[in-house]
Amino acid sequence: MSDTVGNRMYALAGRMFPICRSITGDGFRKSLKILCEEVPDIKIYEVPSGTPVFDWTVPKEWNIRGGGIYRLNGDKVIDFKDSNLHVLGYSLPVNEVVSKKELLEHLYTQPNQPDLIPYVTSFYKERWGFCMSENQKNSLSDENYKVIIDSDFREGSLTYGELIIPGESKEEILITSYLCHPSMANNELSGPVVLVELMKYVQQLKKRRYSYRFVINPETIGSITYLSRNLEILQKNVVAGFVLSCVGDNRTYSYIESKYGNTLADRVLQNVLKFHFPDYKRYSFLKRGSDERQYNSAGVDLPVCGFCRSKYEEYSEYHTSADNMDLISPEGLQGAYDVMEKVINTLENNYYYKMKCMGEPQLGKRGLYPTVSQKGKYCDVKATTHFIAYADGKNDLIDISNRIGVATYTLYPIIDQLIKYNLIEVVYER
Amino acid sequence: MSDTVGNRMYALAGRMFPICRSITGDGFRKSLKILCEEVPDIKIYEVPSGTPVFDWTVPKEWNIRGGGIYRLNGDKVIDFKDSNLHVLGYSLPVNEVVSKKELLEHLYTQPNQPDLIPYVTSFYKERWGFCMSENQKNSLSDENYKVIIDSDFREGSLTYGELIIPGESKEEILITSYLCHPSMANNELSGPVVLVELMKYVQQLKKRRYSYRFVINPETIGSITYLSRNLEILQKNVVAGFVLSCVGDNRTYSYIESKYGNTLADRVLQNVLKFHFPDYKRYSFLKRGSDERQYNSAGVDLPVCGFCRSKYEEYSEYHTSADNMDLISPEGLQGAYDVMEKVINTLENNYYYKMKCMGEPQLGKRGLYPTVSQKGKYCDVKATTHFIAYADGKNDLIDISNRIGVATYTLYPIIDQLIKYNLIEVVYER
Amino acid sequence: MSDTVGNRMYALAGRMFPICRSITGDGFRKSLKILCEEVPDIKIYEVPSGTPVFDWTVPKEWNIRGGGIYRLNGDKVIDFKDSNLHVLGYSLPVNEVVSKKELLEHLYTQPNQPDLIPYVTSFYKERWGFCMSENQKNSLSDENYKVIIDSDFREGSLTYGELIIPGESKEEILITSYLCHPSMANNELSGPVVLVELMKYVQQLKKRRYSYRFVINPETIGSITYLSRNLEILQKNVVAGFVLSCVGDNRTYSYIESKYGNTLADRVLQNVLKFHFPDYKRYSFLKRGSDERQYNSAGVDLPVCGFCRSKYEEYSEYHTSADNMDLISPEGLQGAYDVMEKVINTLENNYYYKMKCMGEPQLGKRGLYPTVSQKGKYCDVKATTHFIAYADGKNDLIDISNRIGVATYTLYPIIDQLIKYNLIEVVYER
């Protein structure tokens, strides 16, 4: 495979796929360290179990080494080695012989997808359990089974990573994803690998108008922890934020609105998707499900929206063993990366623009307008004249792009020309 | 009939149906006294004929004892005893023999409904007249007829009733109807009988956030009179008002917008109807016709909208002898009552709500969230998490209900739980 | 032809049609003087070549006396005398024998309309050229041709006309058109001839609320010149402006939005067209093309929209020899004039209105309301009662007309009655 961004992201996801991650524990830590190999500047934080974080408490750290269900003759029914989805997330340890009847009370299946192992967790209530396909469950015929889960809970810590890349302004763009699911590809690894490439992209920019804050944490409890430790600065500085989730398949693009759907984050993501992938899907905030829940929660109220390819909960492989490396692809990851790169560039250029001359400038004398005037011959300068008309200091770049129906990427060379001829000035505030 | 609210209202309407009411006179007074038997606290006001009320003058009091058209041999053609619609409202007295030709100039029929007697009035221009069916008119074949109307005008008064039920706040909810039509059921008695049951409902509430002002007056001249005597306090205190009219049939529900369609009255009535009777009909203010005309008039500008089942002017029996006790029903009245009871309860609970914790609260530890996380299993807590997200102090209950698509009645137990766990506070202002 | 406004305008256009106009020169001057015969108060301004006007410079004055293409035996191929469209606008002089190959580089045709001579110009780049039909071009078979253009450039001036008619207020209505195209009828002469009749109409008004500023200039460079000399006063005084262009055919009516589509000019033109020509065409500002470009340019930002019958660029005869006197008609011109007359009258009456009484006034006692009340009989007073309801000081006449769905022309007699009965007052500000 050639060294395209898409191939690099896909390979990185493949390397991390086998690791059993959860909201705490060594799987998360090991995965995060692999990301740090790519971007060594990522800073790692550990928050001790028991720390109060808003209305929650950082849970005990959970680690698991193995487990399974076996017939009394030792034959394997299911084993953690075959799929780490087989053990209920945060399961208590167990090592005993149980009747089939008792076992059934500890089994989780997805009856409407009888071939697949579902991903199930019980983070905040102590129980033990196994996940398997409905078909496997239906074939259980012994009276008793040996059940083993070699897990433990300890006073450890919750881990997260953060990378802040300063820009000219203290105003920040927040981009975040999570890293807490076991072996699943789209709803886990796609987000972090795209995040890592975006970090690299922002790091190499020669000029950054905004500062960038990248965060990678366990979903829900991780973002709550992160918010509880950084709320003041986030509320002061973040002007737009994006939660990346399920960004690896190549079926569609999805946008989940912020709470009121009207932030800079919404505006820029809508604009980029409208011009580059006009058949993208737009979801109301009522369809939220990832960390945009916390970022938009009452009192927190950050300008954050969600970005996916096929949205979590909406694709059939979601939270099952079918969400594997075949579901995602280099092209799928690349597409999501490209959208976010465009989002970043649009934000960086999203100034208010103001013409320095009254009336339309004489473009013809600068070679920007046809010198012969004949009907049907102007079309190629319409984007320029439309931009000029709305560059009156009342519209930012996104406003103008939306009003005149021209992608920001088409406007960049026009702006460059206008600046070159000293016809336009950049203003920061309306 | 069992003692349901619907049956009580229907029986009360039936008791009042035979009385000949008009905008002044003993019929109105007698009807109002029957309502006072139900709610003795209603206060009765008499405003003398000749009193200037805004641009109008309280008219002379009109009373009628009988009348009819007779053949010269004494045979009855029509008689007031058979239907008090037969005499033109506010008709001058008459007692003479007239030619058929002259009689025809004093007859009012509804040619497109040839079997029905129309309801016609001439409140402000003196004339005498009779109403009959088009068919009856066409069967007139004598050369001369005896016409008798035993009515009189005198310096009397205009009568109205008012009940003010104080609440914690001086802010008021106004609910009003009228009582000035003769024997018609939907467009007359449905409004007053629902009003009376709403008075009882509000009286028995243990806690009232708002004060309630119930008014029952003759339509148009009555509300003008009432406004002219109470304008200052109404403009100061009324936050939402409702004119009840034609609330007794069971074909549909109708809402008539206030002048700009954006008051609290509009918002609450839209919300209740949307969730409980989503196929209700919404009418522009341009379709107004009852006392919302006066309450929304220029300079008065109170936040008042109209509520009907089948809207006046829109159902075929309107203002004819077919608007009788068969048109309305206990169920029809009950349905209208239920809507208004929900309106009252929604207003009483229409606070701004504000979460006391940052981030989503941990609902699971309070038994409000499933402890096992598996896809497709959250649906029953969506109303809770959506409510929590928008309980940020920027939305009142109606806003939240509309945004998240959940009826306020579904939200009440959720709010109770959140208050019980001290997760939320009530704020009065945005 | 009788002396209707339409006939007068058509005759005047016919008189001016043969003159060869351009953005400067004697053709423009001669045409403007013909307009001054109609309205002697028009003031003529001359701005010297070389004057800087915003980002532009007033060009040299161009005049042409004749020209053509001839076979070497003297036979005419095309001649300026047959159509002044044959010479490229602002063409350099030429007098030589050229090869067919060289000639072809100087020929302009409209290949998709092979019978027509296109109108082509090169105002700001020096070149010589001829325009002819595609068919004519294809029939050229000689090896060499004689080409003659008897034109010259000199340090002269750019000419424009202005008429200011003062009113009670310094606030101004701007109405403008241009006069710089050679022999074309709709896209040239229709605008000036309608403008002249509007000048006469405004001059004879007994009472003028607003002042009126009529401007007639060469398109683009002329409006830039005019703006550069009058910007401050225009920005201070103009409350609504209209660019008239292509107002002579009778196929449709067209409205081109101002930059944000929300000015008084937009509101009044939309209102008039909606009620009188509801199938009019509305064009976004992105479809602009005449002097509304300059009036709405960034920094200038005047409240100006465009008005056409068939819009420039949208009808097939546009900028060709087919845009001749057969394309326009007295009826077409009259229709456009009528719209603008209604626009003027609506603006003159566009006050805020406020009822002087509380509640609905008693219209019946003033003969404005039926004295008998019977269903289905009110329709003719709805406009009155609706107007009264919204005459609360919050709406201007256009707001009320739009809200209640009644043309302003229907409201004038109602307003007159309400003023007569002292029921209403006029207020200037909301």
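By convention in this document, chain letters (A, B, ...) are assigned in the order of the sequence lines, proteins followed by strands, and residues within each chain are numbered from 1. None of the values given here were measured: they were computed from a predicted structure.
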Looking at C:K354, C:M355, C:E360, which makes the most heavy-atom pairs under 4.5 Å with chain B?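 Option with the top pair count is C:E360.
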Looking only at side-chain N and O atoms, does B:Y90 offer a donor or acceptor that is under 3.5 Å from a partner on B:T24?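 Their side chains do contain a donor-acceptor pair, which is all the 3.5 Å distance test asks for.
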Can a side-chain donor-acceptor contact be found between C:T371 and B:R127 if the only test is distance below 3.5 angstrom?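 Their side chains do contain a donor-acceptor pair, which is all the 3.5 Å distance test asks for.
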Against the six-membered ring of B:Y160, is B:R229 placed for a cation-pi contact (under 6.0 Å from the centre, within 45° of the normal)?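 Cation-pi check for B:R229 and B:Y160: fails.
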Identify which part of [X] has an atom lying under 4.5 Å from any heavy atom of chain B, answering side chain, backbone, both or neither.
X      : result
C:I404 : both
C:K365 : side chain
C:A389 : both

Under 3.5 Å: donor-acceptor pair, side chain of C:D399, backbone of C:D396: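 Pair found, side chain donor or acceptor close to backbone of C:D396.
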Hey, is the main chain of C:Y280 close enough, under 3.5 Å, to the side chain of C:T252 for a donor-acceptor pair?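 The answer is no, because no donor-acceptor pair under 3.5 Å joins these two groups.
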For [X], which atoms come within 4.5 Å of any heavy atom of chain C: side chain, backbone, both, or neither?
X      : answer
B:E126 : neither
B:Y318 : both
B:T220 : neither
B:I221 : neither

For chain C, the option from [options] that forms the most heavy-atom pairs under 4.5 Å:
options                        : result
B:I224, B:L227, B:D301         : B:D301
B:T121, B:T57, B:L88, B:N296   : B:T121
B:S284, B:A298, B:S223, B:P118 : B:A298

Using the ring centroid of each side chain, check whether C:Y351 and C:Y428 are separated by less than 6.0 Å.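 That pair passes the under 6.0 Å test.
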Identify whether the distance between the nearest side-chain nitrogen and carboxylate oxygen of C:E168 and C:K207 falls below 4.0 Å.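 Judged by the 4.0 Å cut-off on N to carboxylate O distance, C:E168 and C:K207 do form a salt bridge.
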What I want to find out is whether C:E292 reaches C:K311 closely enough, with some N-O distance under 4.0 Å, to be called a salt bridge.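 The answer is no: the pair does not qualify as a salt bridge.
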